[in-house]
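Before any comments, here is the structure.
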Amino acid sequence: MIVVDDVHKSFGAADVLHGVSFTVKRGETVCILGGSGGGKTTLLKVMIGVHKPTSGAVAIGGKDICCLRGRALDEARRSFGVMFQSGALLNSMTIAQNIALPLEYHTQLDSETIETMVKIKLHQVDLLHAADRRPSEISGGMLKRAGVARALALDPKVLFYDEPSAGLDPIATTRIDQLINRLRDSMGMTSVVVTHVLESVRRIADHIIMLDKGLVILDGDLDDLENSSDPRVRQFLTGEVAGPNAGVLTENQYLDDLLM
Ligand SMILES: Nc1ncnc2c1ncn2[C@@H]1O[C@H](COP(=O)(O)OP(=O)(O)OP(=O)(O)O)[C@@H](O)[C@H]1O
Ligand SMILES: [Mg+2]
């Protein structure tokens, strides 16, 4: 479904991705993990065509996303949905109107059909009861689910999520995870989820990609993650401050810094 082929990305002098390659099968949920600043969001943005890679390519459903521009890119983007961290909903409209928006913009469907489709999407994310509320009137977890409903509006083949459970309590996190699993099990949805919540990964991941400093350090499943002997993976799993991740200082380095 998705082929990421030797993607490099720099912003000026900063090299963020150093040759990232992996594939995603149709109907699987892939979790992209890694420490802060490791390039996860950058990779996601390259995959959805927001950033052009410095070199390398990404194909979704056989279409090379990276070389498309303008209308062709718009057309390709209709085959996938993106759930942004903030939900990215317009507060001047109700939840139902927000979900109707892409249908009004991209299709010729009449308003009655759109209304029915919006109800189906809201039902899929358990938000039928909140259809007429505005984004500011619902909770953070509900906002995220509304973001998923909007991402689902055009019946995408792939859904991308950037930190879907950031800022949510454990129960709201579980509900998002259950939603991701339900979409996979009932519709065969392919999902790409950037997250660093390990419990979520254990609940939803069929496939795991771990990034460290712009390189893939693990490409496998949950067993591969739990049994990895790579110290960088182990450090991520245990959350130890001391370890190979140079983004954090050891106690001694910290003292040295202080006393300099
Ligand atoms: N538009 C940009 N211009 C310049 N540098 C950028 C840009 N976007 C990201 N970067 C840099 O790329 C690196 C990776 O950032 P990215 O947002 O991909 O990390 P991340 O893995 O998503 O981190 P987090 O877990 O904190 O969200 C960072 O050093 C960041 O400063
Ligand atoms: Mg990020």
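Remember, it's 1-based here, ligands and their atoms both numbered in the order they're listed.
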How far is [atom] from its nearest protein heavy atom, and which residue and atom is that?
atom: atom 17 (O) of ligand 1; result: T41 CB, 3.6 Å
atom: atom 24 (P) of ligand 1; result: S36 OG, 3.5 Å
atom: atom 29 (O) of ligand 1; result: G37 O, 4.4 Å
atom: atom 18 (O) of ligand 1; result: T42 OG1, 2.5 Å

Can you name the atoms of ligand 1, numbered from 1 with element, that are less than 4.0 Å from a heavy atom of [X]?
X: G35; value: 21 (O)
X: H196; value: 25 (O)
X: G38; value: 19 (O), 21 (O)

Pair [X] + [Y], salt bridge at N-O below 4.0 Å:
X: K9; Y: D15; answer: no
X: R175; Y: D126; answer: yes
X: E226; Y: R202; answer: yes

With the threshold set strictly below 4.0 angstrom, can you tell me whether any protein non-hydrogen atom sits that near atom 13 (C) of ligand 1?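 When distances to the protein are checked, atom 13 (C) of ligand 1 has a heavy atom within 4.0 Å.
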Looking at atom 26 (O) of ligand 1, tell me if a protein heavy atom falls under 4.0 Å from it.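 At least one protein heavy atom is under 4.0 Å away.
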Using ring pair (Phe, Tyr, Trp, His ring centres under 6.0 Å) as the criterion, list what pairs up with F236, not counting sequence neighbours.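 Listed in chain order: nothing, the list is empty.
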N/O/S atom of T41 inside 2.8 Å of the Mg ion (ligand 2), strictly under: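 Here the distance criterion (N, O or S atom, under 2.8 Å) is met by T41, so yes.
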Under 3.5 Å between some N or O of ligand 1 and some N or O of K40?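 Checking ligand 1 against K40, an N or O pair does fall under 3.5 Å apart.
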When you compare ligand 1 with F11, is there at least one nitrogen or oxygen pair between them that comes in under 3.5 angstrom?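 Looking only at distances, the answer is no, because the N/O contact criterion of under 3.5 Å is not met.
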Decide yes or no for [X] and [Y]: does some side-chain heavy atom of the first lie under 4.5 Å from some side-chain heavy atom of the second?
X: H106; Y: R77; answer: no
X: D221; Y: D206; answer: no
X: M117; Y: D155; answer: yes

Could you tell me whether V16 approaches ligand 1 through its side chain, its backbone, both or neither, with non-hydrogen atoms closer than 4.0 Å?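 Under 4.0 Å from ligand 1, V16 contributes side-chain atoms alone.
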Can you list the steps and then say if L179 with V148 is a side chain to side chain contact (heavy atoms under 4.5 Å, CB included)? CA-CA 9 Å; L179 174 59; V148 176; 3.9 Å; yes
Would you be so kind as to tabulate the donor-acceptor pairs closer than 3.5 Å made by side chains of residues 46-53, with sequence neighbours excluded?
{"residue": "K52", "atom": "NZ", "partner": "C66", "partner atom": "O", "Å": "3.1"}
{"residue": "K52", "atom": "NZ", "partner": "L68", "partner atom": "O", "Å": "2.8"}

Hey, does G12 sit under 4.0 Å from ligand 1 if you only count heavy atoms?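 Outside the 4.0 Å threshold, so no.
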